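Below: the structure, in structure tokens.
First the proteins, then the strands, lettered A, B, ... as listed; each starts at 1. Only a predicted model underlies this, so the values are computations on that prediction, with no experimental measurement involved.
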Amino acid sequence: MIRDARVLRAGFVPREVEHRDAEINHLSSVLEPITNDEPADTAIVTGPSGAGKTCISKFVTEQLREEVLDVETTYVNCWRNYTRFRTLYQILDDLGASLDIHRQSTPHDELVDRLQQHDGPRTVVILDEVDQLEDPGLIYDLHSLPQFAIICIANKEEELFSRVDERLVSRLRSSEHVRMDKYHDEQLHDILRARAKWGLEEDVITDRQLYQIADAAAGDARLAIGILRTAAGKADRGNRTRIPNEVLVGAAEDARAQIKQRSLDSLTPHQRVVYAVVRDHGPLGPSTIHEHYIEKVDDPRTKRTVRTYLSKMVQYNLLEAEGTSRDREYSLVDSVTASPSRSDS
DNA sequence: GTTCCACAGGAAAATATGGAGG
DNA sequence: CCTCCATATTTTCCTGTGGAAC
């Protein structure tokens, strides 16, 4: 059934990227100066999730490393490393210059100094989910270091710009901007077919089924590949030689549930209680949520903290917020997943 | 229109957590 | 073990906004 599982994993960068030639060329041309050992501009890549932002960024930097000997690349997910310190540390670590850093002895700006003094090969820094960074000023610091080229990946351009200050906005506006859109069903189908070709045995899945997956994924390539992966995994465990349609339907739900479960797992117990309150008692305003929450917990947090939880869960796409001020209500983000796991208080 | 209230979300102070060094 | 230090989380305090009652 499965020929090469790597191809189906999230984060796999294929040797040929489908339907993104224009974007890839654009991004390569921004990094072009590096091949002549000259400083390159900052690039901004924006687009909805699963549009291939991370994929083409990694692809282009890989390509660059094939062409040029003296170039390093590093990838930082700012969603995981959202503090200034962690992001810088991650970069230094990738460059192998983090050895003697102790938190006590290294005030903030020394990390930047350290990067500045770094006279290794030119380096491309990919900052993924850069809009999750709590201090976007970090971009400015990196921006001013000529030996680093930066690729900023974000969902929406406006959200990124609204959080940085004037001087940085003007510098970023002049930098090259690669915009990406959702894939069409056709394109998604091609991507899936390529993955199925390398990742699965022959005739495991029909073209029609690939279209079904593409349809269910609604333009999100990451989700589409996730569905294909779980479907193949299930069929494999069931010792099937093909993927039956029933499995496919289940896989679409599973893949969504998995993504949701992963964000749910990253919540603290208190946050989970708040989530449960909203789940069990329909759309509610913050005060009502807090009242319910207080009853279910020994040492309740304050209203303000619960509000922070709520907005965090909105960011995670677990909840939806409707209304602007007094009439705001939170509700579960609508998904057709009937979760059979009912947890306790 | 004015007033009032619930809310959003920023800033800073307060408190909890975790790792290194004694 | 304890202390120190930086980070992480929570609380307190606050300003600005918009809908609803007056």
Looking at B/dC5, does its base get a donor-acceptor pair with the side chain of A/Arg326 below 3.5 Å?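 Looking at the base of B/dC5, it does pair with a donor or acceptor on the side chain of A/Arg326 (distance under 3.5 Å).
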For C/dG18, does the base pair up with any side-chain atom of A/Arg328 as donor and acceptor (N or O, under 3.5 Å, distance only)?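 Looking at the base of C/dG18, it does not pair with any donor or acceptor on the side chain of A/Arg328 (distance under 3.5 Å).
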Look at all strands and tell whether A/Arg307 reaches a base, only sugar-phosphate, or nothing, counting heavy atoms closer than 4.0 Å.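 Counting heavy atoms under 4.0 Å across all strands, the contact made by A/Arg307 includes a base.
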Output yes when a side-chain donor or acceptor of [X] lies under 3.5 Å from a complementary backbone atom of [Y], and no otherwise.
{"X": "A/Thr305", "Y": "A/Arg301", "answer": "no"}
{"X": "A/Glu23", "Y": "A/Val178", "answer": "no"}
{"X": "A/Arg3", "Y": "A/Leu200", "answer": "yes"}

Using only side-chain N and O atoms of A/Tyr309, determine if any of them is under 4.0 Å from OP1 or OP2 of C/dT10.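 True: A/Tyr309 side-chain N/O within range (under 4.0 Å) of C/dT10 OP1/OP2.
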Using a cut-off of less than 4.0 Å, is there contact between a side-chain N or O of A/Thr302 and OP1 or OP2 of C/dT10?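 Looking at the OP1 and OP2 atoms of C/dT10, neither is under 4.0 Å from any side-chain N or O of A/Thr302.
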Rounded distance (Å) that lies between atom [atom2] of [N] and atom [atom1] of [X]:
{"X": "A/Lys312", "N": "C/dA8", "atom1": "NZ", "atom2": "C1'", "result": "11 Å"}
{"X": "A/Lys303", "N": "C/dC14", "atom1": "NZ", "atom2": "P", "result": "17 Å"}
{"X": "A/Glu322", "N": "B/dA8", "atom1": "CD", "atom2": "P", "result": "13 Å"}
{"X": "A/Tyr330", "N": "B/dG9", "atom1": "OH", "atom2": "C1'", "result": "10 Å"}
{"X": "A/Asp299", "N": "B/dA16", "atom1": "CG", "atom2": "P", "result": "11 Å"}
{"X": "A/Arg301", "N": "C/dA8", "atom1": "CZ", "atom2": "C1'", "result": "12 Å"}
{"X": "A/His270", "N": "C/dA8", "atom1": "NE2", "atom2": "C1'", "result": "15 Å"}
{"X": "A/Arg304", "N": "B/dG9", "atom1": "CZ", "atom2": "C1'", "result": "5 Å"}

How about A/Glu186 and A/Tyr211: does a side-chain donor come under 3.5 Å of a side-chain acceptor?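 Their side chains do contain a donor-acceptor pair, which is all the 3.5 Å distance test asks for.
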Are any of the side-chain nitrogens in A/Asp37 or A/Arg122 under 4.0 Å away from the carboxylate oxygens of its partner?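 Result for this pair is yes, salt bridge flagged.
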Side chain of A/Asp327 only, heavy atoms from C-beta on: which candidate in B/dC7, B/dG9, C/dG19 is closest?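 Minimum distance to the A/Asp327 side chain belongs to C/dG19.
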Among the nucleotides C/dT10, B/dA8, B/dC7, which one has an atom lying closest to any side-chain atom of A/Ser287?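 Closest nucleotide to the A/Ser287 side chain: B/dC7.
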